[in-house]
Amino acid sequence: MKTAMNTPSSAQLMLRAAWQWRRNDGRLWALHLYGLVALLIYVVPAGLALAWLPARVAAGVAGVLLLAGLASVWGVQFSALLRLDHPHALQLVPGHRHAIHRAALGLWAVMVASAGVLAGVGAAALGLGDLAASARLALAAALGTGLLLLVVAAGLRWWWVWVVAGCTPTLAVQLWLRGGQQVWASVEPVWHTWALGTSLLLLAVLGALLAALVGQQGQRHAQAYRQREQWRQAVALFPTNPAKAWAAYGRWGAWMNWPGQALADAWLRRCLARPRSVMARAEVVLHGRQHWVGQLVSVLMVQTVLGLALLVTAALTGQSLGLFIEHGRVGISVGLGFVAMSAVTVLPVALWRSRREQALLVLLPGLPRGAALNRALAWRQWRHSLLMWLGLLPALVALAWAGHGWYALAWVGVALPLSAWLWRDHSGASPEPMAPRLLPAVAYLVLGLVSMWLHHRHPVWLGPWLAGLLALTAALLAWRWRVLQRLPAALPVGRLA
């Protein structure tokens, strides 16, 4: 009896699956990274807000961060449940369908209840109203959390939900300004009178919709499951084989991959037609799918698609484009910063993956040897970083000018000195090169947050900060350049490990 009580149920095992898979794949480092990122993104800002901001503003900031954290954990868990929602298991394994429903609805209910309780307790502690007002706020928070988690689950089920969700806030504001206030004024008395019953009814509807997303059987479900698995495997292939990954998305994927692939092929033909550019030909092999041509095209295409989306949204809503850029400047700057850091994080990994070809590549006539090879490779990597910066210039100018986000550029600027990390001893690289990805990313996250916060509080420091950043970058590069002269030849990578 005691053993049976201590045995975890099927629903509990399903909730452990997302984390257990990473342990089984040898990616325990990913769990540590997720914990560190969650600490830096959610816990630290919430603690700083509670310590420095006024009580009500701090409570709002902490609530938003808590909601974002819940949505992140829910996304990981529901993605695992979608993988476990296998059509064969639903038909052949007794109780599998009910276990998936219990896992999804149980976790959803716990998160919704937690958000509601915390909102009610916070409202009562801040004195935002009497007990009835705090209870209504708790119910509203629970409803909002339940709806958000349902949207995240639907977005993981159908990709087009993210497009609709991205347009919904703007359309909701327009509807609110064009008559939504009058509608709420007529509905508000009903809400005050029947808040509990209405909330429970709406939560029951949301729960029923959530249960309909998993545990379904039939041919359509089997086809949808195969498509989701195809897309998931395509996403996993992006770092190593982007062409095959895009092909998994069908005609749209082939169309999106065509410009980058065409330019990469044209650049390869150009390199082969010019025998003197031996390092240019070698770079095609060394960096493989992470070659600067493909990355530069991807950066420009992402900016083009984002700019067109903002223009269409501004035209439909009648608002200025600068207003949207200003409201989204923090998120845009974070995305641009990680793109600027992409060379630092992916190039060492690309070198490791091409190490077998490098044994033959070093025999290429005209390829530098020893310290000269280190210098040539370092210059190629640094040029890769500079080209990424040039590709980001349109978005950076729009962010600083239209979005008045000069302080947000501090986040992107931190990538400059960290690019010196590329100039390292590649001959002794580890068989599992996680450090080249983890350490610069963590350092960038910490320094970027600190820099952005300082410039938001003290905008006049931007000029001296930029000068100091350039000086630090020059000093680090000069130091690493001298170190390169004494290091063993970089190729083949990892031969001395």
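Under the rule for a side-chain contact (heavy atoms from CB on, under 4.5 Å), the partners of Leu90 that lie at least two apart in sequence or sit in another chain are Asp85, His96, Arg97, Ile100, Gln217, His221. By the side-chain hydrogen bond (donor to acceptor under 3.5 Å, both in side chains) test, Glu357 pairs with no residue at all, sequence neighbours left out. Scanning for salt bridge (charged side-chain N to carboxylate O under 4.0 Å, His left out) contacts around Arg380 gives Glu283, with sequence neighbours left out.
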Would you mind writing out the side-chain donor-acceptor pairs for residues 68-84 within the sub-3.5 Å range, not counting sequence neighbours?
| from | atom 1 | to | atom 2 | distance (Å) |
| --- | --- | --- | --- | --- |
| Ser72 | OG | Tyr42 | OH | 2.7 |
| Ser72 | OG | Ala68 | O | 2.9 |
| Trp74 | NE1 | Leu149 | O | 2.8 |
| Gln77 | OE1 | Trp19 | NE1 | 2.7 |
| Gln77 | NE2 | Leu15 | O | 2.9 |
| Ser79 | OG | Gly75 | O | 2.7 |

Return a table of donor-acceptor pairs under 3.5 angstrom between the side chains of residues 472-479 and protein atoms on other chains or two or more places apart.
| from | atom 1 | to | atom 2 | distance (Å) |
| --- | --- | --- | --- | --- |
| Thr473 | OG1 | Leu469 | O | 2.8 |

Identify all side-chain donor-acceptor contacts of residues 383-400 below 3.5 Å with residues at least two apart in sequence or on another chain.
| from | atom 1 | to | atom 2 | distance (Å) |
| --- | --- | --- | --- | --- |
| His384 | NE2 | Gln295 | OE1 | 3.0 |
| Ser385 | OG | Gln381 | O | 3.4 |

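Within 6.0 Å of atom CZ in Arg482, 12 or fewer heavy atoms from other residues, nucleotides or ligands are found, so the atom counts as exposed in its surroundings.
Residues His426 and Leu491 are not in side-chain contact: their nearest non-hydrogen atoms beyond the backbone lie 4.5 Å or more apart. Contact check for Arg355 versus Arg495: no side-chain heavy atoms found under the 4.5 Å cut-off. Looking only at side-chain heavy atoms (C-beta outward), Asp425 and Leu496 stay at 4.5 Å or farther from each other. At least one side-chain heavy atom of Leu213 sits under 4.5 Å from a side-chain heavy atom of Trp158. Side-chain contact between His86 and Val93 is absent, with no heavy atoms from C-beta onward closer than 4.5 Å.
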Evaluation steps, side chain to side chain contact (heavy atoms under 4.5 Å, CB included), between Leu422 and Arg480: CA-CA 9 Å; Leu422 288 171; Arg480 295 305 303 170; over 6 Å; no

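For the pair Asn374 (side chain) and Pro488 (backbone), a donor-acceptor distance under 3.5 Å is present. No donor-acceptor distance shorter than 3.5 angstrom exists from the side chain of Arg486 to the backbone of Leu484, with no hydrogens or angles considered.
Distance check: Leu66 CG to Met111 CE gives 10.0 Å after rounding to the nearest 0.5 Å. Distance NE2/His101 to CG/Leu210: 8.5 Å, rounded to 0.5 Å.
When all heavy atoms of Gly494 and Trp352 are compared, the closest pair comes out as CA-CZ3, 4.0 Å. Contact detail for Leu361 and Leu367: the closest heavy-atom pair is O-CD2, 3.3 Å. When all heavy atoms of Leu286 and Gln358 are compared, the closest pair comes out as CD2-CG, 3.7 Å. Minimum heavy-atom separation, Met279 to Leu373: SD-CD1, 4.5 Å. When every heavy atom of Trp481 is checked against every heavy atom of Ala378, the shortest pair comes out as CZ3-CB, 4.2 Å. Nearest approach of Ser354 to Val285, heavy atoms of both residues: CB-O, 3.4 Å.
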